[in-house]
Amino acid sequence: MTDAKLSFPHPPSRPDQAPDFSGIVIPEAGSLPVPPVDITAKDCWPFAVGLIRVLDDDNQAVGPWADYLGDIPAETLQLGLRDMLKMRAIDKRLQNAQRQGKTSFYLQCTGEEAIGCGFQRQLEQGDMNFPTYRQQTLLVAADYPLESLMGQLYSNELDPLQGRQLPIMHSARDYGFFSISGNLGTQYVQAVGWAMACALRGDGKIAAGWIGDGATASNDFHSALLSASVYQPPVVLNVVNNQWAISTYTGVAAGKSETYAARALGYGIPALRVDGNDYLAVLAVSRWAIERARAGYGPTLIEWFTYRAAAHSTSDDPSAYRARNEADAWPLGDPVARLKAHMIARGDWNDARHTQAEAELLDKVSEVQKRVEAHGTFVNPKPISPAEIFRGVYADLPEHLRRQRQEMGY
Amino acid sequence: MTDAKLSFPHPPSRPDQAPDFSGIVIPEAGSLPVPPVDITAKDCWPFAVGLIRVLDDDNQAVGPWADYLGDIPAETLQLGLRDMLKMRAIDKRLQNAQRQGKTSFYLQCTGEEAIGCGFQRQLEQGDMNFPTYRQQTLLVAADYPLESLMGQLYSNELDPLQGRQLPIMHSARDYGFFSISGNLGTQYVQAVGWAMACALRGDGKIAAGWIGDGATASNDFHSALLSASVYQPPVVLNVVNNQWAISTYTGVAAGKSETYAARALGYGIPALRVDGNDYLAVLAVSRWAIERARAGYGPTLIEWFTYRAAAHSTSDDPSAYRARNEADAWPLGDPVARLKAHMIARGDWNDARHTQAEAELLDKVSEVQKRVEAHGTFVNPKPISPAEIFRGVYADLPEHLRRQRQEMGY
Amino acid sequence: MTRMTMIEALRSAMDVALNTDPNVIIFGEDVGYFGGVFRCTAGLQAKYGEERLFDTPINESAIVGLAVGMAAQGMKPCVEIQFADYVFPAYDQITQEAARLRHRSNGQFSCPLVVRMPTGGGIFGGQTHSQSPEALFTHVAGLKVVIPSTPHDAKGLLIAAIEDPDPVIFMEPKRIYNGPFYGDHSGKSVPWSDHADSEVPEGHYTVPLGKAAIRRSGADVTVLTYGTMVYVTEAAVKEAGVDAEIIDLRTLLPLDLETIVASVEKTGRCVVVHEATRTSGFGAELMAEVQEACFWHLRSPIQRVTGWDAPYPHAQEWDYFPSSARIARALTSAMED
Amino acid sequence: MTRMTMIEALRSAMDVALNTDPNVIIFGEDVGYFGGVFRCTAGLQAKYGEERLFDTPINESAIVGLAVGMAAQGMKPCVEIQFADYVFPAYDQITQEAARLRHRSNGQFSCPLVVRMPTGGGIFGGQTHSQSPEALFTHVAGLKVVIPSTPHDAKGLLIAAIEDPDPVIFMEPKRIYNGPFYGDHSGKSVPWSDHADSEVPEGHYTVPLGKAAIRRSGADVTVLTYGTMVYVTEAAVKEAGVDAEIIDLRTLLPLDLETIVASVEKTGRCVVVHEATRTSGFGAELMAEVQEACFWHLRSPIQRVTGWDAPYPHAQEWDYFPSSARIARALTSAMED
Ligand SMILES: Cc1ncc(C[n+]2csc(CCOP(=O)(O)OP(=O)(O)O)c2C)c(N)n1
Ligand SMILES: Cc1ncc(C[n+]2csc(CCOP(=O)(O)OP(=O)(O)O)c2C)c(N)n1
Ligand SMILES: [Mg+2]
Ligand SMILES: [Mg+2]
């Protein structure tokens, strides 16, 4: 009787097929201009459906966004590379620790290192990120002490959260890193609230929200965009589009939307889509959006186009739902390899130094890890006091919790 | 320190000011074409930020959308006019009944009559509306028995819902009218679910969601658009933008969005903005979107641009927050006056017939009202059995409710 | 001291809070220019400006979500949900975020926010303007839950709630906004001006969270109740002619068990009264607590008088809303055994 | 009859339902191609096609909202929420919409849907993969709430839930998905294959909603519990050496009061056990019901063993999760008075 049939989004390939990214259009590096800081959403379409890229196929920084960055000192790039290498070393060691049963859970960010590492280096002290569980890059580039990061992984006495949270759900106020929630999306509108408080105080600080492509479907994504549109606080809203949400292809969250950035235009929020595997593009666009926020031009949404190269987490095996070697086929390459190649092309770096840096960082991470493990791991736990359960439920311990603690034997 | 300052949307005028609609751009009638039925969101921008109008300032039907409607028989327009006049008569009588204490609550739709009346006349038996509390027009144009409508107003034995719901929260499955919820927004995603069921059954039916401009802020608006975008069911998503949400100006819900229709484009849903006070534009665009849905081209969002001429409800007094006579200054006029003028211009109608029709309809409504009131009103209640409270909580009465009913004395 | 309605008292509390602490900020649907559908914030935007008090879009989860972000930074948002029936879109932000932030961040962040909402029935509001969802918050560790029953308490408790370092769900029994309500089915209220507890100091004062009030001392039976039901219970006690002790809990979480236990140990009998649906209502918790603490003192079963386990009806409102007659019956029956 | 784990039993229930009723439709996050993060729907999309079983965006309120619309039309959606901790965005659609549709439309529309969700702790999931929010649903008139504790019941109850004409919250104790769990802190489970209740018929059968099961008959004390705690209680009973009667409620709403009352009248003593936080937990309702119905039979106070009133911790999991030792202590103390 009718022609109405439901449509179901599908990934380009499944385990029994070859990776296929032919549907993804990759514009030339340097093809998009730098928009005026007061651009309106209406004029943002090309930026929202295009892809801002700085590093070209010859590993050169090209185009208006490269000009916007100006001359980058070699140290800046080396710092970025070291941040990313350090991140990889940490991911490697901690993934391993989970495999050895020393912790219950881990989750890598392989392939997405440029985004958080680059963004964080553009923030100022006092700015606040509202991250998801896959933004450990922000901590690393903020020089968060490895002892704290790993202490939490092992829920030992070095754990700043005293065992209350999952190993990967960090909180580090002094490092501009808001307490991660396991409930997807909730932090996005909170970031807008924090940014509103910044504006009300006039303290010159900004907030940055972070969300995965899958979690853009959540109600809080909408709440955040709507609130940011209405009140125009100094907030940068980041979408990390890594193509997957556990086993679910990004198309299920996107529907017929052109891009996630385009979604924001409907709310009247300027939005840009960026090659998230291009460290220089990350530096440039982060700086632009952060300066824009700080200068009072309101919210920006940035869609970071990237690929989740690792499994979702240590509980996941992607070979069950996506093509083998999809990561290798990802047309935007690997962020570490690309920055390395650029630095070599600039003459600032070489393979030997790279190998050495990698080894040094892995050593350093391993050394700290060993020290932290001495304070206890899952295999060899040194329990935190059970009475900790009751501390911090409220500022003061109410009577009924005192009774319960007593009942518990403490 | 910083330039970041919050922005707060304001209405064009407040009680102590003159009405001011100078900010509203009204394009010429007939200036927008009829888009191809398979138009994509990307190409919809002009329709989403423009305004589809058929009746021009000389009360003529002009332009591509008038052509799309073709020759309209005089009876069709008379039916539309009678629907709207009947609606006005009902609103008038029931508003009065509330003022006399015969019912607890009423809520008028003055100024918005063309939208529901026109839309409903384009639906088929078996299609389902998911209305808000201000879509009594859909019931009237579906020839819902006045006895039922008023029975619910007085919560007497004629009330199809047996006193369970507020007077205005109707439910009429056989008339394509879903049970209204007092919780704003919830029905919008339910409409998408219903439409998905239509597609899965292949029964050729469609669903229509309805929401106010204020309630577009709700999470369910997002859920609905997202789901419609992903699964492409046969649904028409209507936004009735009547400029106000109780005391809150529409700008607070819109933020920096160009229009509500533009919001949908971000989700990849084609969207059009329509003069909601132009009965012919309503007929034309409703038909287009409904046919599009039925033919399998997926969802459409329609923003009906109109003005809430009456108070929010009998509990509200708009003189506290908006300019006096704003309704009279509304640049798109009154839907009844405009259709009447068009019919007179066509030579199908005249003032005398109009006055007669008005009187006839008011008489008819008053006559039914008198009859229904004989079954009980708030002043003179004929109570429904208290045991009704327990019926229908579940299909079968569970033991604990049987005990509670007994405790109650029934 | 002035005479105030509960609405005036709440407004006065917010006025004091806005005035004393620049971190206090108020927002919600229609609360700004218009001053709220119940007029609780009337005049405050004009006095303190739009940056302190503003309108929001109709999205309760955004209202609370923004407040969480602000509170984490050190502001003190006091937000309004237009009716308690509309708090559910914000339920995730309240229960999973606000309630846990201090704990999960080990004190790095806290969440000193107040969520105000008119609650309860008796106003012919039908199922979406009459609900009493308090028990859906008392199950959530990290929240405090407050329900005042007089203008004096409303102001003092609201100031205390705003000053509290943790998130507070502040439920306002809308039936008694303008006067105490003794259950008269004609729906008429007595004005607050006739009631002693409408004497409200104009400036700053607090009523501590977590402390119940004994509204009537009595020897025979303890009634545990709160909100509007305090007055309906007063009427019932007269009807039943028993010497009941009426405890107005005022704060449900944390509960003032001490006052409750002292009373039940004295009377040996207990009746619990609330408007909310019965099963898993807060009455169940009260019965559990009393049973645990006073088992050996109980001389008859604890009774509960509550709303029925059905959606709140419109036309049958007075058959649903606990009447003084039902409460009186429970009192009599508690005395019988 | 075959041996099945609880996961296999649930899958088999959905298989049967999809096979017997074309109106049955299943959706949720990751449930389609992949078959769910706990693999409950593995293989079913391949068997029944995408129109019967599909992936959704990560929006729980959309999942339930769509299901309400479909159910109102006569389909029978059985949707999965990935963890009970993530049901709260859907709380409005469940409690204000699904639960009330039949009542508010006077039967014009109904809402036969099932919301499945893994619930409870014991898997080192921290505060957002361990919660037991059942009491937040038992307070809502119009819902049914089911928690199975064996593969046999899981299948029979899920088929009954899908066939039920009203909305059912179906909570799956994920700790016992792969085997009964007696509280061993090493976290090891025994496989289901060693347990009699893993004998599951392959075809269609139902276990009726609203009927409890007596897992162990006993004369001394009645234990009311459900889900994973059935097994931890079994261990505790051995530890305490008391002749306890263990009642597995299976359905919390509507409650099988008859079975409960018969048992407590026999034993005169009662202990309630659940994982959820204590205050306003479902234990409170159980205590209230038992107190109301069996007051004159009670020989000692009803005790409750529950999770503490704090967010579910990660590292201190075994100090939070009710242990067999704590239950054994409560049993002993119930016997003492
Ligand atoms: C409200 C909620 N629903 C579901 C989940 C379960 N869940 C955890 S991660 C995840 C996928 C998220 O994907 P995406 O947002 O793309 O982030 P990514 O993992 O790719 O970084 C899901 C569904 C959750 N944590 N919270
Ligand atoms: C979830 C929810 N929040 C708040 C309300 C209270 N409320 C009822 S009507 C209304 C305004 C709605 O405005 P709009 O959507 O523009 O519809 P209109 O009244 O203009 O037709 C509000 C805030 C509600 N009913 N539900
Ligand atoms: Mg992702
Ligand atoms: Mg409106």
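Residue numbering restarts at 1 for every chain, and letters A, B, ... go by the order of the sequence lines. Note that the structure is predicted; figures quoted are calculated from it, not measured.
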Close contacts, residues 397-405 of chain B versus chain D, judged by heavy atoms under 4.5 Å:
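Answer by number: B/Pro398, B/His400, B/Arg403.
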Sub-4.5 Å heavy-atom contacts with chain D: which residues of residues 187-195 of chain B show up?
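Near chain D, by residue number: B/Val189, B/Gln190, B/Val192, B/Gly193, B/Trp194.
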Backbone N or O of [Y] within a donor-acceptor pair of the [X] side chain at under 3.5 Å?
X: B/Tyr394; Y: D/Leu143; result: yes
X: B/Arg173; Y: D/Gln108; result: yes
X: D/Asp166; Y: B/Ala395; result: yes
X: D/His103; Y: B/Arg164; result: no

In Å, rounded to the nearest 0.5 Å, how long is the span from [atom1] of [X] to [atom2] of [Y]?
X: D/Gln73; Y: B/Phe178; atom1: CD; atom2: CZ; result: 10.5 Å
X: D/Thr95; Y: B/Asn183; atom1: OG1; atom2: CG; result: 8.0 Å
X: B/Met196; Y: D/Met70; atom1: CE; atom2: CE; result: 3.5 Å
X: B/Asn219; Y: D/Asn59; atom1: CG; atom2: CG; result: 8.0 Å

Flag the pair [X] / [Y] as yes when at least one side-chain heavy-atom distance between them is below 4.5 Å, and no otherwise.
X: D/Phe54; Y: B/Val230; result: no
X: B/Thr186; Y: D/Gln93; result: yes
X: B/Arg391; Y: D/Asn106; result: yes
X: D/Glu97; Y: B/Ser181; result: yes

Between D/Pro167, D/Ser105, D/Ala62, D/Gly142, who has the most heavy-atom pairs with chain B when the cutoff is under 4.5 Å?
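It is D/Gly142.
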State, to 0.1 Å, how close D/Phe109 and B/Ser179 come at their nearest heavy-atom pair, and which atoms those are.
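The pair with the smallest heavy-atom distance is CE1-N, 3.7 Å.
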Do other residues, nucleotides or ligands put more than 12 heavy atoms under 6.0 Å from B/Asp143 CG?
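Counting other residues, nucleotides and ligands, CG of B/Asp143 exceeds 12 neighbours.
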Side chain / backbone / both / neither for D/Ile63 at chain B, heavy atoms under 4.5 Å:
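Neither the backbone nor the side chain of D/Ile63 comes within 4.5 Å of chain B.
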